[in-house]
Colleague: 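Okay, here's the structure, questions in a sec.
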Amino acid sequence: MFRIKKILNVNVVLAEEDGQEYIVFGKGVGYHQKINNLLPNSSVVKKFIPVNDSRKIEMIQSLNKIPPIYIDITTKIVEYAEKVLRESLLSSVYYSLTDHLYFAVQRYNSHQALGNRIYWEMKTYYPEMFDIGEYGLDVIKETLKISLPKEEAANIAFHIINASTKSSDKVNILDVTQLVDNMEQALRVLTGDSISVNALNYNRFITHLKFFAERFFSNSMLDDDNDELINKVYELYPEASRLAIKIQQTIISIYQQDITKTELAYLIIHIHRLLTN
């Protein structure tokens with residue numbers, strides 16, 4: 001059982017359980033409640049522990065001023081995302097997404113459009129997450145009777161990706177997205193922009209790039225001891241090898257870090273599949 005320490009709004013309270021403080025989310029969880037009241041676990045949708053005291057104070061102050069309707073919107077988006085993704089998202093998304101949506105609407109009402117510099121990349125490389133973002137825009141339109149800019153779908157998707165429990169220990173998603181984009185754009189330039197996003201193997205290629213990028217930034221690239229494989233693909237796929245080596249040089253130029261022979265070999269294989277789709 002949780003003991004209520006502070007009521008932030010009708011859907012959020014600061015509560016204590018076994019000596020640990022939590023920010024607790026739940027529909028109506030703070031309605032008609034009082035300090036020190038006990039809160040049954042069945043009333044709690046999500047709970048999470050702020051990282052530190054200064055962060056906790058910031059969150060409490062923020063949630064105090066955010067209208068409860070934004071918690072309702074976030075809850076709908078998160079529940080939909082968890083159903084689509086078939087996983088439970090990190091509890092922190094209830095704060096981060098609520099806070100983002102509130103200020104996004106404030107900016108919209110003040111005619112201050114910030115956009116999203118990775119809108120195209122998010123839509124292209126994370127279509128499932130982007131669809132969730134578009135669902136979020138529909139919820140906002142239905143609830144608040146306003147149509148946020150389409151770029152906000154990418155912002156919502158970004159929060160969902162960061163809350164994914166399947167990749168909670170991943171590297172920065174912006175870094176991953178940028179590396180994927182650098183590699184994909186380099187291939188387009190090298191092939192005279194002849195790559196079709198509708199090609200059968202395009203999605204497989206992008207998926208490979210995303211996993212590679214995560215390995216690249218987490219220093220967990222595939223072993224660099226596969227001379228037999230790299231020599232084999234050089235022999236079998238000379239054109240794909242030429243393109244992959246150019247992309248390898250681009251990576252070294254931008255990030256001052258090489259990729260392993262095994263990673264290069266698999267990149268060659270995926271480029272060959274894309275070229276011979």
Side-chain angles (χ1 to χ4, degrees), residues 1-85 87-110 112 132-133 135-146 148 152 155-166 168-169:
M1 297 280 283
F2 292 90
R3 181 174 61 84
I4 295 177
K5 298 191 67 176
K6 184 178 179 64
I7 299 167
L8 305 182
N9 62 48
V10 296
N11 294 329
V12 189
V13 300
L14 180 67
E16 182 182 67
E17 182 183 48
D18 298 329
Q20 176 65 61
E21 284 189 350
Y22 298 88
I23 293 178
V24 174
F25 296 85
K27 189 172 180 60
V29 74
Y31 186 66
H32 281 179
Q33 292 284 9
K34 295 180 179 179
I35 304 301
N36 290 322
N37 276 5
L38 294 179
L39 188 66
N41 291 336
S42 58
S43 302
V44 176
V45 173
K46 290 285 185 178
K47 65 178 183 179
F48 76 96
I49 309 171
V51 177
N52 53 49
D53 286 342
S54 62
R55 183 64 171 153
K56 179 180 70 177
I57 293 171
E58 176 189 336
M59 290 178 177
I60 290 173
Q61 290 175 340
S62 177
L63 290 167
N64 260 325
K65 67 181 180 182
I66 295 177
I69 191 65
Y70 288 91
I71 296 290
D72 293 339
I73 292 171
T74 292
T75 299
K76 288 182 180 179
I77 296 172
V78 171
E79 288 179 348
Y80 176 79
E82 290 181 333
K83 181 179 179 180
V84 169
L85 302 174
E87 64 166 301
S88 294
L89 299 179
L90 297 176
S91 301
S92 55
V93 71
Y94 278 83
Y95 169 74
S96 63
L97 184 54
T98 297
D99 185 67
H100 171 80
L101 294 178
Y102 174 66
F103 284 103
V105 172
Q106 297 298 105
R107 291 193 301 271
Y108 173 84
N109 289 334
S110 301
Q112 299 175 356
I132 294 170
Y135 169 83
L137 294 187
D138 290 340
V139 172
I140 292 168
K141 184 176 182 179
E142 178 183 348
T143 307
L144 301 179
K145 311 304 179 187
I146 63 173
L148 291 182
E152 279 300 330
N155 289 327
I156 294 172
F158 178 80
H159 282 279
I160 298 300
I161 291 170
N162 280 339
S164 172
T165 54
K166 292 179 180 177
S168 60
D169 58 346

Colleague: Taking the side chain as everything from C-beta on, heavy atoms only, tell me whether Tyr102 gets closer than 4.5 Å to Thr98.
Modeller: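 No, their side chains stay 4.5 Å or more apart.
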Colleague: At their closest point, which heavy atom of Ser164 faces which heavy atom of Leu89, and how far apart are they?
Modeller: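 Looking at all heavy atoms of both residues, the closest pair is CA-CD2, 3.9 Å.
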Colleague: How far does CG of Asn37 sit from CZ of Phe2, to the nearest 0.5 angstrom?
Modeller: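 Rounded to the nearest 0.5 Å, the CG-CZ separation comes out at 14.5 Å.
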Colleague: Within this structure, what is the CG-CD1 distance for the pair Leu90 and Ile160, rounded to the nearest 0.5 Å?
Modeller: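 Spacing of CG (Leu90) from CD1 (Ile160) equals 10.5 Å.
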Colleague: Any side-chain heavy-atom pair from Tyr70 and Val105 closer than 4.5 angstrom?
Modeller: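 Yes, side chains in contact.
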Colleague: Does CD in Glu142 sit with more than 12 non-hydrogen atoms of other residues, nucleotides or ligands closer than 6.0 Å?
Modeller: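 No - once you tally the heavy atoms of other residues, nucleotides and ligands closer than 6.0 Å, there are 12 at most.
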Colleague: Could you check whether the rings of His159 and His100 sit parallel, tilted or perpendicular, using 30° and 60° as the cut-offs?
Modeller: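 Ring orientation of His159 relative to His100: tilted.
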Colleague: What are the two closest heavy atoms between Leu148 and Ala104, and how far apart are they?
Modeller: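 Leu148 and Ala104 have their closest heavy atoms at CD2-O, 4.2 Å.
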Colleague: Side chains of Ile66 and Ile71, heavy atoms from C-beta outward: is any pair under 4.5 Å?
Modeller: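 No - every pair of side-chain heavy atoms lies 4.5 Å or more apart.
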Colleague: Can you tell me how far CG of Leu144 sits from NZ of Lys141, rounded to the nearest 0.5 angstrom?
Modeller: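 One finds 12.5 Å between NZ of Lys141 and CG of Leu144.
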Colleague: Of all heavy-atom pairs between Ile156 and Ile132, which one has the smallest distance, and what is that distance?
Modeller: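 Smallest heavy-atom distance, with atoms named: CG2-O, 4.5 Å.
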Colleague: Is the closest side-chain heavy-atom distance between Thr75 and Tyr94 below 4.5 Å?
Modeller: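 Sidechains of Tyr94 and Thr75: in contact.
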Colleague: State, with a plain yes or no, whether a side-chain heavy atom of Tyr95 is found less than 4.5 Å away from one of Ile23.
Modeller: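 The answer is no, as the side chains (C-beta and beyond) never meet within the 4.5 Å cut-off.
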Colleague: If the condition is side-chain hydrogen bond (donor to acceptor under 3.5 Å, both in side chains), which residues does Asn36 pass it with, not counting sequence neighbours?
Modeller: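 For Asn36, the residues satisfying side-chain hydrogen bond (donor to acceptor under 3.5 Å, both in side chains) (neighbours in sequence not counted) are Arg3.
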Colleague: List the atom of Lys76, the atom of Tyr135, and the distance in Å for their closest heavy-atom pair.
Modeller: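 That would be O-CE2, 3.8 Å.
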Colleague: Quick one: closest heavy-atom pair of Pro68 and Asn11, and the distance?
Modeller: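 Closest approach of Pro68 to Asn11: O-ND2, 3.4 Å.
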Colleague: Please give me the minimum heavy-atom distance between Ala163 and Val93, naming the atom from each residue.
Modeller: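 Taking every non-hydrogen atom into account, CB-CB, 3.5 Å.
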Colleague: Quick one, Leu101 and Ile73 - any side-chain contact, counting heavy atoms below 4.5 Å?
Modeller: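 With C-beta onward as the side chain, the pair touches.
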Colleague: What is the distance from atom CD1 of Ile35 to atom CD of Gln33, rounded to the nearest 0.5 Å?
Modeller: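 Ile35 atom CD1 to Gln33 atom CD measures 9.5 Å (nearest 0.5 Å).
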Colleague: Taking Glu21 for the side chain and Leu14 for the main chain, is one N or O donor matched with an acceptor at less than 3.5 Å?
Modeller: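 Here the side-chain-to-backbone pair does not exist.
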Colleague: Decide yes or no on side-chain hydrogen bond (donor to acceptor under 3.5 Å, both in side chains) for Asn155 and Glu152, but give the supporting numbers first.
Modeller: CA-CA 5 Å; Asn155 289 327; Glu152 279 300 330; 3.2 Å; yes
Colleague: Roughly how far, to the nearest 0.5 Å, is the OG1 atom of Thr74 from the CD atom of Glu79?
Modeller: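 If I round to the nearest 0.5 Å, the distance is 11.0 Å.
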